[in-house]
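To start, the structure under review is shown below, and the notes come after it.
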Number of protein chains: 2
Amino acid sequence: MGASYYQFCPVAKTMELLDERWTLLVVRELVGGDRHFNDLRRGLPRMSPTLLSKRLQHLVAAGIAERHKSGVEVRYRLTPAGQELAPIVAALGEWGIRWIGHLGDQDLDPKILLWDMHRRVDHDALPSGRTVIQFEFPAVAASLRNWWLVLTPTEADVCDADPGFDVAVHVTADLRSMVEVWLGDLDWSDALRSGAVTIQGPPDLRRDVPAWFKLISFAAVPRLERPARPVGLPAAPLTPEELSA
Amino acid sequence: MGASYYQFCPVAKTMELLDERWTLLVVRELVGGDRHFNDLRRGLPRMSPTLLSKRLQHLVAAGIAERHKSGVEVRYRLTPAGQELAPIVAALGEWGIRWIGHLGDQDLDPKILLWDMHRRVDHDALPSGRTVIQFEFPAVAASLRNWWLVLTPTEADVCDADPGFDVAVHVTADLRSMVEVWLGDLDWSDALRSGAVTIQGPPDLRRDVPAWFKLISFAAVPRLERPARPVGLPAAPLTPEELSA
DNA sequence: CAGTATCCCTTATGATACTG
DNA sequence: CAGTATCATAAGGGATACTG
């Protein structure tokens, strides 16, 4: 429901629907399947529920998403028109991973990282039964430091409090490095070798941890050998380390 | 320079740069070559010069565009990073032409139509020498009713006042129909047959007019046989004819 | 030609608390 | 679980006039 551009140009008409803040991130969350309101919230933790609700209403009104209610449960899913936005979302992500030069510390949200990871668990690679991984980011504020992934061959849950099960492996990581692994900018093997990520637990399990996750879908996008110039640096408010760089 | 989403997701980082109003339309204008500030304004007539200036500065700061000054002349062009946005802009246009159901009367801007057309003249198809086409949109407010395209084998100019040259052909058109032709939603031949568009002038020239223009680049995108549902209708403020539909 | 300078004002949105 | 209600602030952006 963005304001009109008063142009017949199809690009303009499309952007009227999509250029409001958060809109394409909601679409990103919906790509690939049904989602509950609160699932969307977990992927968009900095978005207020009011605003998420508003964006969903706009997407539904625009014919991009549908709201399905069965009993008390509500699910949102993309319409065929919305599904055709998937390649656009993918292209935006691929562009970003090629050209965005630097992530600020503020971009490194463990909540989102864990939520992302839980969605891309390779369940076939897991041991049978329940596998619990504890993630610890020592440098992070206490409330965001410890996370547990409870994995089974069919399910994956994220907890920010100890669920009480036996922990199979304990991953201790520098948050930035863990994100870089996740984005495909750093190999698991390099991260482990340098000590930026360490895994404690039975050797056979420790060895398998990297195989339990499919990295973010953009991880395989070819990077530029030498980016002409990293993009987006001056766009973010400058942090102290950026100012000194 | 959009506000941060506080996410490492490449889609989010890209949208931080691109999701502000007008930004992708400026990129659209820059796709395909150098542009002067005032050329950009003609393609974006509803954008204030202040805002255009601001967006250009953001695009330059983000490494997406470059500003080249030679003497008094300033040209903007996309960097390699910016050029890689071209497929995204194209995909947005293709999505729009497939799924946007209806254009409001307010979207039918003759200024933009003529500016678009002048950029896609097929100069090789023109007669030698100067060819002047007058366009008249009888139903449009007087100040936007008459337009002249002054075409040569190497140049194309748009005038909103009679340039004084002999007019080779005079095109009288219903504005909406002319836009539909331009978008590939209506054939020239059908428009001429129905009388929505009429061409006066020497028969051989009249016959050739459609060949002088390459339609908008999205014109060839396959449309859906029966769109499940047109998209974007409720997004626009309802016009009287929409309310009665 | 290529922008700036103002000015006002709507609107978007972040934060927080609360409900069927 | 799936949202609404409320509020205050900032800022985005439209319009217009003016300048090197």
Side-chain angles (χ1 to χ4, degrees), chain A residues 1-7 12 15-26 29-30 34-61 65-77 106 109 111 157-158 235 237, chain B residues 1-7 12 15-26 29-30 34-61 65-77 106 109 111 157-158 235 237:
Chain A
M1 201 120 119
S4 178
Y5 286 115
Y6 302 102
Q7 297 200 359
M15 290 316 289
E16 285 178 13
L17 296 176
L18 299 180
D19 71 359
E20 280 181 312
R21 191 165 154 75
W22 292 107
T23 301
L24 269 167
L25 300 194
V26 176
E29 291 296 306
L30 291 172
D34 300 4
R35 299 265 185 266
H36 292 250
F37 189 86
N38 284 331
D39 290 342
L40 294 169
R41 289 197 63 187
R42 297 192 73 172
L44 301 162
R46 306 280 301 224
M47 189 180 191
S48 81
T50 308
L51 192 52
L52 174 56
S53 173
K54 191 173 166 190
R55 287 291 181 277
L56 286 167
Q57 287 172 33
H58 289 175
L59 289 171
V60 169
E66 288 171 336
R67 183 177 190 275
H68 293 276
K69 187 169 186 171
S70 35
V72 293
E73 241 186 32
V74 176
R75 288 168 188 275
Y76 292 92
R77 89 172 48 135
Q106 36 176 12
D109 185 334
K111 209 173 338 194
D157 289 308
V158 187
Chain B
M1 202 121 119
S4 177
Y5 286 117
Y6 302 101
Q7 297 200 0
M15 291 315 289
E16 285 179 13
L17 297 175
L18 300 179
D19 72 358
E20 279 182 313
R21 189 164 157 75
W22 293 108
T23 301
L24 269 167
L25 300 194
V26 176
E29 292 296 308
L30 292 172
D34 300 4
R35 297 266 184 266
H36 291 252
F37 188 86
N38 285 331
D39 289 342
L40 295 169
R41 290 196 63 185
R42 295 191 75 170
L44 300 162
R46 306 281 303 223
M47 189 179 190
S48 81
T50 308
L51 192 52
L52 173 57
S53 172
K54 189 173 167 190
R55 286 291 182 277
L56 285 168
Q57 288 172 32
H58 288 175
L59 288 171
V60 169
E66 287 171 337
R67 184 178 190 274
H68 293 276
K69 188 169 188 172
S70 34
V72 295
E73 243 187 31
V74 176
R75 288 168 187 275
Y76 292 92
R77 90 173 46 135
Q106 36 175 12
D109 185 335
K111 207 170 343 191
D157 289 308
V158 187

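Values in this document were obtained by computation on a predicted structure and should not be read as measured data. As a basis for the values below, the full set of heavy atoms in this structure was taken, side chains included, without hydrogen atoms, waters or symmetry mates. Proteins get letters first, then strands, A, B, ... in listed order; numbering begins at 1 in each.
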Rounded to whole angstroms, how far apart are [atom1] on [X] and [atom2] on [N]?
{"X": "B/Asp34", "N": "C/dA2", "atom1": "CG", "atom2": "P", "answer": "11 Å"}
{"X": "A/Arg42", "N": "D/dA2", "atom1": "CZ", "atom2": "P", "answer": "13 Å"}
{"X": "B/Lys69", "N": "C/dA2", "atom1": "NZ", "atom2": "C1'", "answer": "9 Å"}
{"X": "A/Tyr6", "N": "D/dG13", "atom1": "OH", "atom2": "P", "answer": "14 Å"}
{"X": "A/Leu56", "N": "D/dA2", "atom1": "CG", "atom2": "P", "answer": "11 Å"}
{"X": "A/Leu51", "N": "C/dT11", "atom1": "CG", "atom2": "C1'", "answer": "12 Å"}
{"X": "B/Glu16", "N": "C/dT13", "atom1": "CD", "atom2": "C1'", "answer": "16 Å"}
{"X": "A/Asp19", "N": "D/dG12", "atom1": "CG", "atom2": "C1'", "answer": "12 Å"}

Legend entry - Between CZ on residue A/Arg35 and CZ on residue A/Arg77, distance to nearest 0.5 Å: 12.0 Å
[X] side-chain proximity, nearest of [options]:
{"X": "A/Tyr76", "options": "D/dT4, C/dG3, D/dG3", "result": "D/dG3"}
{"X": "B/Thr50", "options": "C/dG3, D/dT4, C/dT6", "result": "C/dT6"}
{"X": "B/Lys54", "options": "C/dA2, C/dG14, D/dG12", "result": "D/dG12"}
{"X": "B/Val74", "options": "D/dA2, C/dG14, C/dG3", "result": "C/dG3"}
{"X": "B/Phe37", "options": "D/dG12, D/dA2, C/dG3", "result": "C/dG3"}
{"X": "A/Pro49", "options": "C/dA15, D/dG13, D/dT4", "result": "D/dT4"}
{"X": "B/Gln57", "options": "D/dA15, C/dA2, C/dT4", "result": "C/dT4"}

Legend entry - From CA spacing to verdict: side-chain contact (heavy atoms from CB on, under 4.5 Å), B/Gln7, A/Leu44: CA-CA 9 Å; B/Gln7 297 200 0; A/Leu44 301 162; 3.8 Å; yes
For a quick test of reading the model: is some side-chain N or O of [X] closer than 4.0 Å to OP1 or OP2 of [N]?
{"X": "B/Arg75", "N": "C/dA2", "result": "no"}
{"X": "A/Arg21", "N": "D/dG12", "result": "no"}
{"X": "A/Trp22", "N": "C/dA12", "result": "no"}
{"X": "A/Tyr5", "N": "D/dG14", "result": "no"}

Minimum heavy-atom separation for [X] and [Y], please, with both atom names.
{"X": "B/Tyr76", "Y": "B/Leu40", "answer": "CD1-CD1, 4.2 Å"}
{"X": "A/Arg67", "Y": "A/Val60", "answer": "N-CG2, 4.2 Å"}
{"X": "B/Arg55", "Y": "B/Trp22", "answer": "NE-CB, 4.4 Å"}

Legend entry - Most 5' of B/Glu73 and A/Met47 on DNA chain C, judged by nearest nucleotide: B/Glu73
Inset, instruction - Assign each of A/Asp39 and B/Arg41 to its nearest nucleotide of DNA chain D by heavy atoms, then name whichever residue's nucleotide is nearer the 5' end. - result: A/Asp39
Legend entry - B/Glu73 and B/His36, any side-chain heavy atoms less than 4.5 Å apart: yes
Inset, instruction - Could you walk me through whether B/Phe37 and B/Leu52 pass side-chain contact (heavy atoms from CB on, under 4.5 Å), step by step? - result: CA-CA 8 Å; B/Phe37 188 86; B/Leu52 173 57; 3.9 Å; yes
Inset, instruction - Find out whether the Lys NZ or Arg CZ of B/Arg21 is both under 6.0 angstrom from the six-membered ring centre of A/Tyr5 and within 45° of the ring's axis. - result: yes
Inset, instruction - Test for a donor-acceptor pair under 3.5 Å between the base of D/dA2 and the side chain of A/Ser53, counting only N and O atoms. - result: no
Legend entry - Base-pair map of DNA chain D as dot-bracket, where | denotes pairing with a different strand and pairs are Watson-Crick or G-U under 3.5 Å: ||||||||||||||||||||
Inset, instruction - Determine the contact category for B/Arg67: base if any of its heavy atoms lies under 4.0 Å from a base atom, sugar-phosphate if only primed atoms, P, OP1 or OP2 are that close, otherwise nothing. - result: sugar-phosphate
